[in-house]
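Okay, so here's the structure we're looking at.
Just so it is clear, the values below take in all heavy atoms, side chains as well, and ignore hydrogens, waters and symmetry mates. This is a predicted model, so every value here is computed, not measured.
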Amino acid sequence: MKPNRKKGILAGALALVLAAVCVVAVWNGRQPKEEAPRLTEEQISELREQYPLYTENAPPLVDMDTWSLKQVKANSDSFVYAEVVGDISYYTVSASTGNEQLDEKRRANGISDEFQFYEHTLTVLGDTSGEYEKGEEITIAANVMFMDYLPKLSDGMRMVIPVSRDPEKPSRSYYQLEGIYYITEDEYAISAFEEKLEPQPLSGMKVDELMQELKK
């Protein structure tokens with residue numbers, strides 16, 4: 001075989017090998033990454049700066065029991081998976097006794113009959129009891145005294161939240177700390193409260209699995 005021809009064959013073979021390596025590399029780069037079915041405790045800990053844990057559910061002088069998740073299920077209308085829309089808003093509730101003389105006496109003693117509440121608007125993505133339609137907008141509210149004891153919600157955040165409807169305004173619901181889960185961009189759930197579940201907490205699982213677990 002002539003030397004030039006031999007060199008040509010070797011060069012061609014090398015080019016084919018290099019082309020095959022490039023094709024494999026590109027193909028591997030295009031393959032979707034396999035997601036873990038659940039986050040580890042270490043991964044959850046690393047995400048806690050972004051998704052903080054709240055260990056107190058009420059101000060020091062407010063006497064409130066800490067509910068188990070089982071109690072939250074029993075006393076809430078539903079767990080809503082939703083996205084926060086827009087900014088926080090505020091409103092005032094009057095708690096008049098209906099007795100003008102008594103109300104006046106209360107005011108004279110510095111007892112206010114008005115209470116400040118705040119609320120967030122949510123777009124429903126799903127819920128555990130079929131109370132809501134997907135895409136429906138609702139609001140969740142709480143007394144301002146609990147503002148520092150509940151997760152700070154902002155536009156675009158996704159959460160799973162236990163809600164109880166306001167009987168006088170069905171589009172508004174009230175909520176509490178126990179039972180709230182942040183949902184990450186990869187759709188993993190991370191609790192905002194201290195979970196005390198056996199054999200293991202629900203934090204770390206995918207949101208679809210979480211919603212199944214939270215059904216009554």
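Here His120 contributes atom NE2 and Ile88 contributes atom CD1; the two are 4.0 Å apart, rounded to the nearest 0.5 Å.
Taking the salt bridge (charged side-chain N to carboxylate O under 4.0 Å, His left out) definition, one finds that Lys206 meets it with Glu35, sequence neighbours left out. Listed by chain and number, the residues in a salt bridge (charged side-chain N to carboxylate O under 4.0 Å, His left out) with Glu83 are Arg158 (sequence neighbours excluded). Residues forming a side-chain hydrogen bond (donor to acceptor under 3.5 Å, both in side chains) with Gln43 (at least two apart in sequence, or on another chain): Thr40. In terms of the side-chain hydrogen bond (donor to acceptor under 3.5 Å, both in side chains) criterion, residue partners of Ser129 (sequence neighbours excluded) are, by chain and number, Ser78, Asp127. The side-chain hydrogen bond (donor to acceptor under 3.5 Å, both in side chains) search around Thr55 returns none, not counting sequence neighbours. Legend: residues meeting side-chain hydrogen bond (donor to acceptor under 3.5 Å, both in side chains) with Glu209, ordered by chain and number and at least two apart, are absent.
Every pair tested for salt bridge (charged side-chain N to carboxylate O under 4.0 Å, His left out) that includes a residue from residues 53-66 fails, sequence neighbours excluded, so the list is empty. Applying the ring-ring contact (aromatic ring centres under 6.0 Å, His included) definition to pairs two or more places apart or across chains, those involving residues 164-183 are Tyr51-Tyr182, Tyr181-Phe193. Pairs engaging residues 36-49 under the salt bridge (charged side-chain N to carboxylate O under 4.0 Å, His left out) rule: none recorded [sequence neighbours left out]. Screening residues 55-85 for ring-ring contact (aromatic ring centres under 6.0 Å, His included), with sequence neighbours left out, gives no hits.
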Side chains of residues 132-142: which donor-acceptor partners sit under 3.5 Å, not counting sequence neighbours?
unit_1: Tyr132; atom_1: OH; unit_2: Ser173; atom_2: OG; d: 3.3
unit_1: Glu136; atom_1: OE1; unit_2: Glu133; atom_2: N; d: 2.9
unit_1: Thr139; atom_1: OG1; unit_2: Glu119; atom_2: OE1; d: 3.0

Per-pair distances, 0.1 Å, donor-acceptor, side chain in residues 143-153, under 3.5 Å, sequence neighbours excluded:
unit_1: Asn143; atom_1: OD1; unit_2: Met145; atom_2: N; d: 3.0
unit_1: Lys152; atom_1: NZ; unit_2: Met147; atom_2: O; d: 3.4

Check: Does the side chain to side chain contact (heavy atoms under 4.5 Å, CB included) test come out yes or no for Gln176 and Asn57, once each step is laid out?
Finding: CA-CA 8 Å; Gln176 62 189 57; Asn57 67 347; over 6 Å; no
Checklist line | Glu114/Ser94 under side-chain hydrogen bond (donor to acceptor under 3.5 Å, both in side chains): CA gap, chis, key distance, verdict | finding: CA-CA 4 Å; Glu114 291 190 342; Ser94 177; 5.3 Å; no
